[in-house]
Amino acid sequence: MQDLSVLSEKMAAIKEEITSKVNELESSKAVYEFKKSFLDSQKGKISQLMKEMKNIAPENRANFGKSVNELKNWAGEVFDEIDQKLKAEEMKKKYESEKIDITMSAKMRKRGNLHPVTQVRNQLIDIFASMGFEVYEGTEIETDYYNFTALNTPQDHPARDMQDTFYLSPEFLLRTQTSAGQIHVMEKKKPPIKILSPGKVFRSDDDATHSPMFTQMEGLVVDKGITLCDLKGMLDVLVQKIYGEGTTTRLRPSYFPFTEPSVEVDVSCFVCGGKGCKLCKGTGWIEVLGAGIVNKKVLENCGIDSEEYSGLAFGIGIERIAMLKYGINNIKLLFESDLRVLEQIDD
Ligand code: PHE
């Protein structure tokens, strides 16, 4: 039989050991190991004590069991307490070491932007789409028929000299105007027609304001009772959206073989407001596009009854609009891909 007093001493010694060493523990891992040495169900010192039960006189067992349990519970609480305290300290250290300094300045990435011609093109499409226009993209290689003949410009017509043409063969050429698209649309679609046709055009022309390749945006409306008033109304909305409220247009008589009457459209100078400045060469007006009422012969060429329907057409030079809008004086600057220029233009 075990002597109870020996066991009590053992318990006191365990308590003493725990009390004296627990505060020296420096990590939750050390707590775990220390705890295990007392409470491990097999080898723990307290668990071992429990095993003495069978060696004790039966009348003392209940008391002994109670004391060991108390010791076990007490030890459990002591270990939990120190464990929580050390874990909290460890988390704090971890957070501090992993802290992200959000005040540090970030690396700035350079953002690209759309080419100015694309920006203006998209802007024009947005404005006309809001007026119900649909986009039709034609082809850059055209036949002489679509680019000239069907547009009332037969082979010997003097108007052909207005546009120096790059011929690929006697029949094929690089389109000189997006007007060629008008014919394709009117051949395929019956009125009402309301289309916008943006694209590259080509002319043997080269100076500060002309480039052998440039971009046009054709507009075509065919319906009953279309007049120049409709044209003026639409263009006023357009220039106000591009150059600001208060901007207006004026129409001057002009000549194109495929429109009759034909007009040259000027926009009131958005720099001086009409007083006269360098940009408008003192006139208060800037020429921006050609337009007119579709020539009856062109409608007939496409099988549209010119007694029943009438149409309006306009052709906008996109580079010209971009140059005026961004104050660029040489069209080549738009095609040289010089980042010093392009980076300045972002709407
Ligand atoms: N195609 C003409 C040009 O390139 C512009 C235009 C289009 C004029 C439509 C009238 C009607 O100069």
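In listed order, ligands and their atoms are each counted from 1.
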Tabulation required: pairs of a nitrogen or oxygen in ligand 1 and a protein nitrogen or oxygen under 3.5 Å; columns are atom names and distance to 0.1 Å; otherwise 'none'.
unit_1, atom_1, unit_2, atom_2, d
ligand 1, 1 (N), Q177, OE1, 2.9
ligand 1, 1 (N), S179, OG, 2.9
ligand 1, 4 (O), R203, NH2, 2.7
ligand 1, 4 (O), Q216, NE2, 2.8

Taking the six-membered ring for Trp, are the ring centroids of F79 and F34 within less than 6.0 Å of each other?
-> yes

Would you please name every residue forming a side chain to side chain contact (heavy atoms under 4.5 Å, CB included) with R320, sequence neighbours left out?
-> I286, E287, L324

With a cut-off of under 6.0 Å to the ring centre and 45° to the axis, is K45 in cation-pi contact with F38?
-> yes

Answer yes if the side chains of E319 and H210 hold a donor-acceptor pair under 3.5 Å, and no otherwise.
-> no

Give me the ring orientation class for F133 and F128: parallel if the planes are under 30° apart, tilted from 30 to 60°, perpendicular past 60°.
-> perpendicular

Under 4.5 Å between any side-chain heavy atoms of L71 and I14, yes or no?
-> yes

